[in-house]
Amino acid sequence: MAAVVVSLGNLSGAGSVRFILLAVLLFVCELLPITIRRKGEQDEIIASTTFAYAIVLTFGGALAVVAQLGASIVADVVHRKPPWKVAFNAAQYTISITICAGELAFLGLTPGAGRLTGEHMPAMLLGAMAFFVSNVVITGVGLALAQNEPIVRYLARDLAFQAVTDGILLALAPVVVVVADQTLWLVPALVLPLAGVYRSARISLENLQLVEKLEDSLSNLTELNRQNEHMALHDGLTGLPNRILFRDRVHQAVLRAKRSDGIVAVMLIDLDRFKEINDTLGHHNGDILLQQVGPRLRHVLRESDTIARLGGDEFALLLPEVSGATEARDIAGRIRRTLENPFPVGEVTLDVEASVGIALYPVHGSDVDVMLQRADQAMYVAKSNREGSRVYAPRDDQYDPARLALLGQLRRAIDEGQLTMHFQPKADLRTGNVQSVEALMRWLHPQRGLVLPREFIPFAEHTTLIRPLTHYAVSAALAQVRAWRDAGIHLRVAVNLSVRNLLDAGLPAEIAMLLRHWQLPADVLELEITESVLMAEPTRALRVLAELNELGVGLSLDDFGTGYSSLAYLRQLPVDEIKIDRSFVTNMLREPSDAKIVRSTIDLARNLGLRVVAEGVEDEATWERLTALECDVAQGFYLSPPIHPTDLTRWWVDRPGAAEGHDLNDSPSDDPKPPLHVAGPRRR
Ligand code: C2E
Ligand code: CA
Ligand code: CA
């Protein structure tokens, strides 16, 4: 302790020029730390150590502490270090300098006692080491504690670096002392090597930063390229491969299959009714649905299979290895089943059906475009035949171009009077009376002859053409009712509406106008609607339906059992009638499950107080069964197919029990059996 006190010496040299010079240099060095890059982080070397030790050697510890403390505090404040750090640095310097000065005193080196010579070397060395060790230990312990790191590991990590830098700085101190002894003017010159170190550190730091920046922008560029490439090859909405990538993969798969004699399957999937969902629920919800398709398909496919979105609601699959058409068909079946599970979209769940078209390498071609085109044709045939999935067959070829051509000719067909309405009677099952007919559209194409609605209505529904089509259907049906009335035949007429029609707020006014035009009461008209639109977006459609209901027009729920059928929705609908879909009725005597659906639909209608119609009655046995089940009305080939109005008038006049008059309401038949069939073309 005594040695320490002695070694600190006194403050008497404070006024000397030599001290002031050394202290100023110390200040400068403290204020201008040399920033370097080490292990990826910025670090600082503070060259003030040289001058601090020089002051210890010349004036003793006390003045060194004063100078160093002053410099350190000022620098720390200037550099906005937190108060604890300022205090820590101050304490650390005080202790290090005190220990160093104590060591020198202990070794008999009195500050300013004379010239430094070779014999002082060991003492100076040990003094420097004391400075260094205490400095490193205090800083290391402090920082390790602050950063919650094991002390030994922290010290070990930095030791070599510190030893070299501090070693150089401390070794310069005796040189400073000796030079200052000779002439003060040379002392600032000693700053030059330090400035050199400073400069080269700066430059290498800048270079390093430049390299880092370059590396950064390079990796940004690579990432951007990767993203661009991804974007170019993937669909933005679903993240699935797009058409470009899909084509490439098909091409590769075909090349591989050529070598291994394998079979490749390309499938196109089209979501039936997606358009409807998009129109009624909005694009946003349509998108949500589309995003769920890929993950679903993934579950039923192999890792090596590709799922792509080609656009809209069209998805494509590549199965690079299948055993043949049977396996492809099986997979298509699995795909359809997985898509049949309802999709949650917002607050509703949507049922989606899919049509799948399949083309195989090598039988259907080896060229990507040919395969895609053939899968597309098969898909369209599957869709229009409601087949679900279909492997391409050469006769499918006629569909694609023909479909487009037909659509193109449809508008002209309306204007040029190529469309006509056929009528199919509906009979009361208890009395056999016919009070109503369904109007079904037919197109008498100048080249192709009779074209059935399934070949153009589903496509027209996707375009604005459906409006003039519906306008024509209602107008033509009412014109016919007018003509029948004028001939004393009192029949109501049912016209089919498309989903899109019910989103058209102008429809009720249009229909009211047509009723006025043909001078008919509203109750001669029934409109057949399907459930889908009501499930998807009830509000808008319900408003239109309510207005139609107010007009006094009858409303009938068509194809019941195939759509979203839900009792909750049914209750909201202002309908008077339910039509059990013909797919259940036609097979009800052979399929117990169909019979069950028919029976429970009749019960349901009964409970809701609605009239129930069975469509697709093809034979007497079914007619009898429905009568026993107390179904209200029947429609089907057994009674009559849809026929030309002239044929229907003849049928009407010739029907049994028609003698008393034309109005069936006035002539209830005693015979509950249906009237005889019309002599006319039967569609089956
Ligand atoms: P839909 O409304 O379900 O019409 C009943 C369909 O079943 C008619 O086919 C009819 O010919 C057929 N059909 C009737 N009885 C039987 C039977 O006993 N057995 C079988 N297998 N089928 C029977 P069609 O005329 O080819 O019409 C097909 C669909 O086209 C209609 O189905 C309807 O959705 C649509 N459609 C027809 N005309 C129009 C129209 O003017 N406007 C709109 N929007 N759609 C129409
Ligand atoms: Ca119908
Ligand atoms: Ca129907």
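Position 1 is the first residue of the sequence; numbering continues from there. For the numbers below, each heavy atom of this structure counts, side chains included, while hydrogens, waters and symmetry mates do not. Counting starts at 1 for both ligands and their atoms, following the listed order.
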Atom name of the N, O or S atom in [X] that lies nearest to the Ca ion (ligand 2):
X      : result
Glu438 : OE2
Glu528 : OE1
Asp558 : OD2

Proximal candidate to [atom] [heavy atom criterion; set [options]]:
atom                    : options                        : result
atom 26 (O) of ligand 1 : Pro453, Ala473, Ser498, Ala439 : Pro453
atom 25 (O) of ligand 1 : His422, Met441, Arg442         : Arg442
atom 31 (C) of ligand 1 : Leu440, Thr470, Leu419         : Leu440
atom 2 (O) of ligand 1  : Val495, Asp558, Leu639, Asp619 : Asp558
atom 5 (C) of ligand 1  : Glu618, Gln635, Arg582         : Arg582

Enumerate the atoms of ligand 1 whose separation from the nearest heavy atom of [X] is less than 4.0 angstrom.
X      : value
Gln424 : 14 (C), 15 (N)
Met421 : 41 (O)
Glu615 : 3 (O)

Just wondering, is there an N, O or S atom on Asn496 that's nearer than 3.0 Å to the Ca ion (ligand 2)? yes
Between Asp270 and the options Arg309, Arg336, Lys383, the salt bridge (charged side-chain N to carboxylate O under 4.0 Å, His left out) test singles out Lys383
Do the non-hydrogen side-chain atoms of Val356 and Met379 ever get within less than 4.5 Å of each other? no
Side-chain touch Leu520/Leu525, heavy atoms, less than 4.5 angstrom: no
Assess Asp559: does it contribute an N, O or S atom lying under 3.0 Å from the Ca ion (ligand 3)? yes
In this structure, does ligand 1 have an atom that sits under 4.0 Å from one of the heavy atoms of Val617? yes
Shortest-distance N, O or S atom of Glu615 relative to the Ca ion (ligand 3): OE2
